[in-house]
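Residue indices begin at 1 and follow the sequence shown.
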Amino acid sequence: MMKALQAEGVKTIFGYPGGAIMPVYDALYDYTQGEDKAFEHILVRHEQGAAHAAEGYARVSGEVGVCIVTSGPGATNTLTGVADAMMDSTPLVVIAGQVAIASLGTDAFQEVDLVGVAQPISKWSYQIRHAEDIAWAVSRAFYIARSGRPGPVVLDFPRNAQVEKIVWEPKKVDFVRSYVAYPKLDMDAVKKAAALINSAKRPLALVGQGVELGNAQEELKAFLEKADIPAGRTMLGLSALPSNHPLNVGMLGMHGNYAVNLKEQECDVLIAIGMRFSDRVTGSLKTYAKQAKVIHLDIDKSEIDKNVKTDVAIIANCKESLPVLTALVGKGNHAAWRESFLPLDEKERQQVIEPAIHPKEGPLLMGEVVNAVAEQAADDAVLVTDVGQNQLFATRYFKYHHKRSICTSGGLGTMGYGLPAAIGATFGADGRQVVCFMGDGGFQMCIEELGTIMEQQAPVKMILMNNHYLGNVRQWQDMFWNRRKSFTRMLNPCYELVAKAYGISYEAVTDRTKLAEAISRMLSTDGPFLLECAILEDDNVLPMTPPGMSVDEMMLSLNV
C-alpha cells in the first residue's frame, strides 16, 4: 500500500489509526521518519475531520486528497466528507480498514458494509480482498478520482489483504472500460455555439468550478475578453475569474449579486461553463432564462439537460473546448449590454453593500468583518468558510485575485466543514495565507480539530462570527415561519478559554473602531489565531431570492 501511494505521488495523508488498519499504520511509520520521509501524516481528531481536511488540501493544491481510517465507525465517520466531495467534485481517496474476509458477514467487531454504504455517494467504491490486487486497485482509484469530473473513491481494505505477502509489482491504470473520462470534442457543437454567440446581442456567461478543476482560468479569460461577454460566477467558481476583472459581474445564486441574477432573465444567449445549474442558482426552473438560447460546456454528460434545457451542448474538458470556441467567435463589443448592469449594481451597493460593510452604529456586522479582513489579506489568500450566514457573507465580500482561492461546502452544505478544511488547505496552499470564517454553530461541530491545529501549528487564521444563533436557520424562521425561533439560539462556551486550552492565540472584538487593528495582529501573528467577533444577533444576508421564486424576484430588503 505504501509503495502504491508513492507511485501516485502522494505526499500528505490525513488519518486516524485503529485496530483494523493497524498493519497499514505500522508500515506507514517507516515512511514518515527521517529527512527523506515519503509522506507527511496529519493526525486529526475525528475521521470526519480527516475527510474534510483532505478535501481542503485537494481544493487548493489540485492534487488528490488522501485519508486513512479504521473500519466500522472510523469508516462511516468519513462518509459525510465523501458525500461532500461527491457533490463538489473534489478528488479524494479514502482507505479504510476492514475485518478479514473470513469474518465478513458475521457481524464482527467494527464490521460494516462500507462498499455498499459508500457506493451511492462516491465515484467508485471497492473492496481490496487480496494483497495481489492492491497496486491495481490503488492506481485505478487515483485515476478515477482525478480524471474527468473529479470525485471521491473509497477503498475497503480487509485485514487479511493487509498482512499477506507478495512480490511488489507496480501497476498503472489509465483506462477503465465503459468510463469515458474525457469525451471527444464535437466540432459541430462548437460551431453551433460560436454561431449563437456571434449573433448574440446580450450574451451572459455563467462560470462554475469546472474552470478551476480543468485549470482553464486563462482560457476562460481569453474567451470572455475576445467575445466581450460579462460573466457571473457560482459560489464554487468565484476564484476562476478575478474579482477585479472588468467582465466579472458578480456571484450567481440565492444570495448572489442583484444585477447578474436579474440579467439572467434578460440575456439572449446564456453560456454555462463548468457549472451544474444548481437550484440555488436557478431559482424556479419554470421561469428560469426562458428567453435565452442556452449553451452548456461541461465534461459530465449527465449534467446536460438535467435541470435546464440546452440548445447546444459541448461535452469536453473546458481546458480543451474553450480555446476551440474562442477561435471561432468574433471580436465582440457589448458595451451597452454591460453598462446596463451598472444601475442595478449601484442599487445593490446603496441599499445592501454599503450598509453591510460600512455601518454607522450598532454591533458588528458579518459583512463588515469579512470586508475588513479582505482589505488586509494577501492577494493570494485562500478563503475557507463553514456553512451558513458566515459562508454567504464571506463568499460575497471576500476578494479573489488568484486561482483556487476558495474552499467551501457548496452542494452538501456541511456544517463543520470549515475548520478541518482550513487545516488541509494550509498543507496544500504552499505558504499562502489561509483565512477561515465560521459561525458559532459550525465551529462547534468540528471544534475538536483545534487539537490538530495545536499539534501541527497549522497557521489557520480563524474568524469566529458569533451571534449566538444558528443564523441562517434563524433568518428563515424570521422570514417564513412567523419569527418562531425554534431551537436556534445557542448557549456558547467561553471561546477565550477554549483557545487558551489549545495554546492558540486569541482576541475578541466588540468595537468596530478596534476591528482593523485586531485583524492586523491576527494576520501578522505566526501560527494559528482565533479572532472572535461579536455580531448583531439578527444580522441578515441580502439580497435573497426566496426558495421557489424566480431569480428576478430577488429581495434587497426583508419585511419580517
Side-chain angles (χ1 to χ4, degrees), residues 59 61-63 89 91 146-150 174 180-234 236-249 252 267-277 292-304 310-334 337-338 400-406:
R59 290 277 276 273
S61 70
E63 303 295 333
S89 304
R146 63 163 63 105
S147 64
R149 180 180 183 174
D174 55 12
V180 181
Y182 301 101
K184 184 179 179 181
L185 185 62
D186 182 349
M187 281 303 302
D188 287 339
V190 177
K191 291 175 183 176
K192 290 177 183 177
L196 282 177
I197 294 168
N198 287 333
S199 64
K201 304 298 182 185
R202 301 180 304 280
L204 178 62
L206 312 182
V207 176
Q209 191 192 196
V211 172
E212 296 264 56
L213 297 174
N215 294 311
Q217 296 89 351
E218 294 304 316
E219 289 81 359
L220 171 71
K221 284 192 282 188
F223 166 69
L224 296 175
E225 289 166 4
K226 182 178 182 183
D228 194 33
I229 298 175
R233 304 157 299 159
T234 67
L236 294 183
L238 282 169
S239 61
L241 187 68
S243 297
N244 58 1
H245 194 284
L247 293 172
N248 164 40
V249 289
L252 302 162
C267 67
D268 57 0
V269 176
L270 194 67
I271 307 135
I273 307 171
M275 54 87 72
R276 60 187 179 87
F277 287 113
K293 296 291 185 182
V294 178
I295 301 168
H296 196 171
L297 286 72
D298 205 286
I299 199 169
D300 186 354
K301 186 178 180 180
S302 71
E303 291 297 342
I304 306 301
T310 300
D311 293 282
V312 180
I314 301 175
I315 305 168
N317 187 340
C318 56
K319 180 84 170 178
E320 176 188 6
S321 60
L322 277 173
V324 178
L325 181 60
T326 302
L328 295 179
V329 298
K331 184 68 176 173
N333 183 354
H334 299 291
W337 165 239
R338 287 190 287 104
Y400 310 91
H401 305 283
H402 194 282
K403 64 182 181 180
R404 293 188 175 274
S405 291
I406 180 169

Visitor: Do Leu328 and Lys191 have side chains that get closer than 4.5 Å, going by heavy atoms?
Guide: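 A side-chain contact exists here, since the closest heavy-atom pair is under 4.5 Å.
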Visitor: Could you grab the distance from atom OG of Ser239 to atom NE2 of His402, nearest 0.5 Å is fine?
Guide: 9.5 Å
Visitor: Side chains of Ile299 and Pro183: does their closest heavy-atom pair fall under 4.5 Å?
Guide: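 They are in contact (side-chain heavy atoms under 4.5 Å apart), so the answer is yes.
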Visitor: If you measure from CG on Leu247 to CG on Asp228, what distance do you get to the nearest 0.5 Å?
Guide: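 It is 6.0 Å, given to the nearest 0.5 Å.
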Visitor: Check whether more than 12 heavy atoms from other residues, nucleotides or ligands sit under 6.0 Å from atom NZ of Lys226, and answer yes or no.
Guide: yes
Visitor: With a 4.5 Å heavy-atom cut-off, do Asn248 and Arg233 have their side chains touching?
Guide: yes
Visitor: For Val269 and Ala292, which heavy atoms make the closest approach, and how far apart are they?
Guide: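 Heavy atoms only, the tightest pair is N-CB, 4.4 Å.
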Visitor: If you count the non-hydrogen atoms of other residues, nucleotides and ligands that lie under 6.0 Å from NZ in Lys293, is the total more than 12?
Guide: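 Counting other residues, nucleotides and ligands, NZ of Lys293 stays at 12 neighbours or fewer.
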Visitor: Please examine the side chains of Leu241 and Lys221, heavy atoms only from C-beta on, and report whether any two atoms are closer than 4.5 Å.
Guide: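 Side-chain contact under 4.5 Å: yes.
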Visitor: Under a 4.5 Å cut-off applied to non-hydrogen side-chain atoms, are Leu322 and Leu220 in contact?
Guide: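 With C-beta onward as the side chain, the pair touches.
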Visitor: In sequence, state the C-alpha distance, the side-chain angles, and the governing distance for Ile229 and Phe223, and then conclude on side-chain contact (heavy atoms from CB on, under 4.5 Å).
Guide: CA-CA 8 Å; Ile229 298 175; Phe223 166 69; 3.8 Å; yes
Visitor: Among Arg404, Arg59, Gln217, Lys403, which one satisfies side-chain hydrogen bond (donor to acceptor under 3.5 Å, both in side chains) with Glu212?
Guide: Gln217
Visitor: Please name the pair of heavy atoms, one in Asn198 and one in Gly330, separated by the smallest distance, quoted to 0.1 Å.
Guide: OD1-N, 2.7 Å
Visitor: Side chains of Leu270 and Phe277: closer than 4.5 Å at any heavy-atom pair?
Guide: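 They are in side-chain contact.
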Visitor: Taking all non-hydrogen atoms of both residues, which atom of Gly208 and which atom of Thr234 are closest, and how far apart?
Guide: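 The pair with the smallest heavy-atom distance is CA-OG1, 3.4 Å.
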Visitor: Return the minimal non-hydrogen interatomic distance between Ala231 and Val207, and the atom names on each side.
Guide: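 In this case the closest contact between Ala231 and Val207 is CB-CG2, 4.0 Å.
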Visitor: Can you find a heavy atom in the side chain of Leu236 that is under 4.5 Å from one in the side chain of Ile406?
Guide: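 Leu236 does not reach Ile406 side chain to side chain.
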Visitor: If I compare all heavy atoms of Pro91 with all of Pro150, which pair ends up nearest, and what's the gap?
Guide: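 Reported closest heavy-atom pair: CD-CB, 3.8 Å.
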Visitor: Between Arg149 and Leu213, does the side-chain contact (heavy atoms from CB on, under 4.5 Å) criterion hold? Intermediate values first, please.
Guide: CA-CA 8 Å; Arg149 180 180 183 174; Leu213 297 174; 5.6 Å; no
Visitor: Hey, are Asp311 and Lys192 close enough for a salt bridge, meaning a charged N less than 4.0 Å from a carboxylate O?
Guide: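 Result for this pair is no, no salt bridge flagged.
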Visitor: Check Val249 against Pro230 and note the closest heavy-atom contact, atom names and distance.
Guide: CG1-CB, 3.8 Å
Visitor: So, taking the atom named CD in Glu218 and the one named NZ in Lys319, what distance separates them when rounded to the nearest 0.5 Å?
Guide: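 Going from the CD atom of Glu218 to the NZ atom of Lys319 covers 8.0 Å.
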Visitor: Roughly how far apart are Ile314 CD1 and Leu325 CG, rounded to 0.5 Å?
Guide: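 CG of Leu325 is found 5.0 Å from CD1 of Ile314.
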Visitor: With a 4.5 Å heavy-atom cut-off, do Ile271 and Leu297 have their side chains touching?
Guide: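 Answer yes - side chains close enough.
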Visitor: If you measure from CE on Met275 to NE2 on His296, what distance do you get to the nearest 0.5 Å?
Guide: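 One gets 6.5 Å once the value is rounded to the nearest 0.5 Å.
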Visitor: Walk me through whether Asp300 and Arg276 qualify under salt bridge (charged side-chain N to carboxylate O under 4.0 Å, His left out).
Guide: CA-CA 9 Å; Asp300 186 354; Arg276 60 187 179 87; over 6 Å; no
Visitor: Measuring from Ile197:CD1 to Asp268:CG, what's the distance to the nearest 0.5 Å?
Guide: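 Ile197 atom CD1 to Asp268 atom CG measures 11.0 Å (nearest 0.5 Å).
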